[in-house]
Structures are given as structure tokens and as C-alpha cells.
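All remarks here apply to the structure that follows.
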Number of protein chains: 2
Amino acid sequence: MSEVTRPTLSDALTERMLELIRTGGHRPGDRLPSTRELSQRFAVTTPTLREALRRLEATGAIEMRHGSGIYVGPAIERLVLPNPNMREMRGGQLLELLDARIVIEPPLAAMAARRARGDDLAALERVLGEAATHLRGEDAELHEANMTFHRATARLAGNSVLHEVVDSLLTVHGAEQREILQIFDDRRRDHEEHRAILQAIVAGDATAAEDRMRAHLADVKSVIEQRLHQPPK
Amino acid sequence: MSEVTRPTLSDALTERMLELIRTGGHRPGDRLPSTRELSQRFAVTTPTLREALRRLEATGAIEMRHGSGIYVGPAIERLVLPNPNMREMRGGQLLELLDARIVIEPPLAAMAARRARGDDLAALERVLGEAATHLRGEDAELHEANMTFHRATARLAGNSVLHEVVDSLLTVHGAEQREILQIFDDRRRDHEEHRAILQAIVAGDATAAEDRMRAHLADVKSVIEQRLHQPPK
DNA sequence: ACATATCAAGTCATCTAATCACTTAACGGC
DNA sequence: GCCGTTAAGTGATTAGATGACTTGATATGT
């Protein structure tokens, strides 16, 4: 098994595209040249170019829209990505994911409590208000609203790298948890715990925010542990 | 900008490949069918199949070796990935990365101190011994050895998800830091701080391990802050 | 004037069929 | 047993074409 592989033309094209995006000062959402123009500019055929483009697409650097064009993707500047190929977690991996969240999210709640201000707090309130409207609705929508609360809290902490980490963990966590949260009691308890965390953040009480987030995630973990031992019908 | 895009054949092929890997019980390193066989089996042409394969390759699910075949990649089971497209960090991003490490790595050192045993500790000792041989050597090798120490410590914490997070952060951190650590004094201080962390882990002293890791990373951050304000010649 | 339908041009998506470059295993010679 | 050569299998790329989609412009109807 060779550790050093020869760079392919397709590898080089990937680099050329990244360079083009960078030197062109392109931001997420900007349109890039068409595949025809790019294949001519780089003097390669379109299937070869498309290989490079698929690679960039898979990692969020570009978006390819059929009939429209190629656009710079939102993840171009990220450091950390959720694995898009994750379909099923190994036994125990979900619990490790929750433990990871228990390590990372409480300090973030504390950071949010220390630094969040007017507009930020109003936005977080809106997120929770939106979540409340889903308490009697579809699982998927409630779940999404709850994840939005966690994402918004991580964002308020003011560290983009940690926000990316939390976002990544929540993204891969998505489908697994959606199947599990199916009892009304958990919905309301979740919501109340989110409210308590928000109150601590609004009050600027870093210690309470951290403790409440940790307790909330420990609750979630406990529920999931039970579910893993007694799957619902 | 449409939020719902039509799935392409190439998208479907990506899913088919993931399914083939999963239902085949393939582990990282296992060889998969050739592109010729796969394109026949899925009734598509090789350029189309190769688009899907490049996507999977970019996210670590497979490795394509010219002349040899396609192999299941090491990242197939990961939840979190380093962004392979990261070439240059925005201003401030490196400091945020360090702050992220300051949040995550100290609790991991504490976890390692609580749970590491004989073989684990011996391996960590070997990592530091190896790093010591590079103190007078090339920057790249010393840097790699130092990163290995951090990775090994995160592994000893016993949470694979957090290990992936740390690995991802260290991976994207790599090239940036390599250019900065160029003074002998920092090399020795780094090494001594790593030794102190190891001793706390060996002693099973979770509090000391955590405090020393936090102090070490704060030192690293301080050095980097100075370098960012006064770039070396 | 505004709304709707149609069309043309540009764009991405996929195909067909071939050749080129690399790896690995088998075989022969020393 | 070791080394060199060859053949077979494999990934990598090309050239040229067609099909499917999007977007903007134009024409038509109310």
C-alpha cells in the first residue's frame, strides 16, 4: 500500500478551482464560470473537470445547479464538516456523540451568557417561540426547531469554529434522534429546559446557563439510553 | 435560488455505493469492485460513475488507487471531518481555532487521566520520546510529532467523536502553525509542557492534566498572537 | 399595464467509445 | 532465490455527441 500517490489531473484541477475562487475574491453564493468555459480555460475535457467539481461539491466548496451554473458554496470557509456519508451510527457512537455535546455545549452556553446582547437575544427568543408552535406538530419540524435553538446558542458564544463543530455534530445527529423523540412528555420537557437555558443567557448568568445546558443534555442522553435499551414499537 | 434540487443519477450512485459498502460489511481498507464492473452493475458509464466516486473520495469514504482499484476509506465511519479545501484561514480564525481547542482539549486530558492504563500510557510515552528526537530537527517533523501527542491524548480520553473533532481541528491547523513555530525556545517549552501533561495523566491526576493542558494551549495561543502581530522575516 | 405562455439560448448531466498510464501477478532466465 | 519482462487488469482521460433543466426575452391575452 503506497503512502504517496501520484497527483492526478483531477487533483490539480481541484486546486486550480480553489485558487480561482480565492484569487477571484468570491464569496459564498457567487456564480463561477460555466463548465464549458472552465474546461476550455484549463484545457481539459468536461468529464475530467466534473470529477474535480464533484469533489468540491461533496465538501461544500461549490454548488452545481442543473441548467443554472456553478456557485461558491457556504462551506468554503469552514474548518470542520459533518460527514455527508454518515447513514447509520455504530452501537455506542450515538452516546459518544451526546457525551461530546455534553463536553462542548455547556461552556458555549456560558460564553453566550457572557456576551449576548439585544438583537442576539431577540433572535434566540424568536427561535424558541417558533419551536413552541411545533409542540403539537410533526416530529421533524419540532426536532428541526430544537436543533436550531442549539445552533443559535452556539453561534451566540462567538466562536465560529466551535459553532461549526456543534453544527456538524447536530447535523449528523439529526436523523438518528428524529426517530427517537416521539413522546409528548419529552417534547414539553425539552422545551422547558430550553426556556430555562435562554433565561440564564438573557440574565447574563454564565454559571446557570452552563449548568442548565449540561443538565438538559444529560437528560437527553438519559432518554436516549433508555430508548436504545427498549426500542419503541 | 431553489432549495429543493432534483437528485441526479450521480447522487443516486453515491447512495448505491454507500449501500454496497454497508451491506457488503466492508471495513476500511477492503477492496471494492472495479469501476468497469461497477458501471456495468449500475448500468451507467464510467465518467458518470467516477463523478460519484470522486464525491466519496473527497469525504474519505473511499480511496482510488490508479492501476490497483478502489478501497474503502478510513473516514467512512467518521461523524466529523476536517475541511480538505481549507488553504488559508481568515484573520481571527486561527485564534478562534485555538480557543476552540482550549475549550475541548483540557476536559479530554482530564478524561485521559481518569481512564488511561498501561499500554495506553506506554504508547503516549513513546510519542513524546519520538518528539524529543526531533527537537533539533526539521520543523515539519517536530510539528507532526507534537500534533501526534495531542491526538494520542484525545484518543486516550475514550470518546471517538471528540477524538475526531480534535483530529479535525489539528489537521486544518497543521499548515498554519508549521510556518509559525520556528524558534528553538518554543520547541523546548512545548516539549516540557507536553511532558508535564503526560506526568499528570500517568499519575491519574485529572485536575492537573486539565489545568496543564489549558495552560499549555494558552501559551501556544499567546505565542501565536505575538507572531500574528509581528510576522517573522 | 399586468399576467401568462412560449421560445431560444445557455447551462448542467450523461452517454459512447476509445486510448493512455499504472499496478500486480506470473513466468522465464540466471 | 532474485531480477527482469510481459500480460492482464485497473484507474485516468479524451473527444464528441445528445438529453434535461433554467433563465431571460418576447408575444399574446385580459
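Letters A, B, ... mirror the listed sequences (proteins, then strands); counts begin at 1. Just the heavy atoms: all of them, side chains too, but no hydrogens, waters or symmetry mates, feed the values below.
Heavy-atom minimum distance, A/G25 versus A/D30: O-OD2, 4.3 Å.
Whole-Å rounding puts the A/E51 CD to D/dG11 P distance at 12 Å. The nearest whole Å value for the distance from the CG atom in A/D11 to the P atom in C/dC22 is 14 Å. Rounded to a whole Å, the CZ atom of A/R31 is 9 Å from the C1' atom of C/dG10. Rounded to an integer number of Å, the gap from B/Q40 CD to D/dT10 C1' is 13 Å. Summarising the geometry, the separation between CD on B/E57 and P on D/dG11 is reported as 12 Å, rounded to the nearest angstrom. Taking atom CD of B/E37 as the reference point, atom C1' of D/dG11 lies 14 Å away to the nearest angstrom. Atom CG of B/L53 and atom P of C/dT14 are 13 Å apart (whole Å).
Regarding contacts with the backbone of D/dA12, every side-chain N or O of B/R65 stays at 4.0 angstrom or more from both OP1 and OP2. Side-chain N/O atoms of A/T35 include one lying less than 4.0 angstrom from OP1 or OP2 on C/dC12. OP1 or OP2 of C/dA13 has at least one side-chain nitrogen or oxygen of A/R50 nearer than 4.0 Å. Under 4.0 angstrom from either OP1 or OP2 of C/dA13 there lies no side-chain N or O belonging to B/T8. Under 4.0 angstrom from either OP1 or OP2 of C/dT14 there lies no side-chain N or O belonging to B/T48. For B/S68 and C/dT24, the shortest distance from a side-chain N or O to OP1 or OP2 is below 4.0 Å.
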- Task: Go through the steps for B/M89 and A/L79 under the test side-chain contact (heavy atoms from CB on, under 4.5 Å), then give the verdict.
- Result: CA-CA 9 Å; B/M89 292 189 195; A/L79 303 191; 4.3 Å; yes
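Candidate nucleotides D/dG11, C/dT14, D/dT13 were compared by shortest atom distance to the side chain of B/I70, and D/dG11 ranks first. In this structure, of D/dT14, C/dT14, C/dT19, it is D/dT14 that holds the atom nearest to the side chain of A/T45.
Scanning atom types as modelled, one donor and one acceptor separated by under 3.5 angstrom connect the side chain of B/H66 and the base of C/dA21.
The side chain to side chain contact (heavy atoms under 4.5 Å, CB included) test with B/R151 singles out one residue from B/V127, B/N146, B/T171, and that residue is B/T171.
Between A/L9 and A/R36, the one whose closest nucleotide on DNA chain D sits nearer the 5' end is A/L9.
Comment: A/R87 does not engage B/E77 in a salt bridge, judged by the lack of any side-chain N to carboxylate O separation of less than 4.0 angstrom.
For B/H134 and B/H143, the gap between ring centers reaches or exceeds 6.0 Å.
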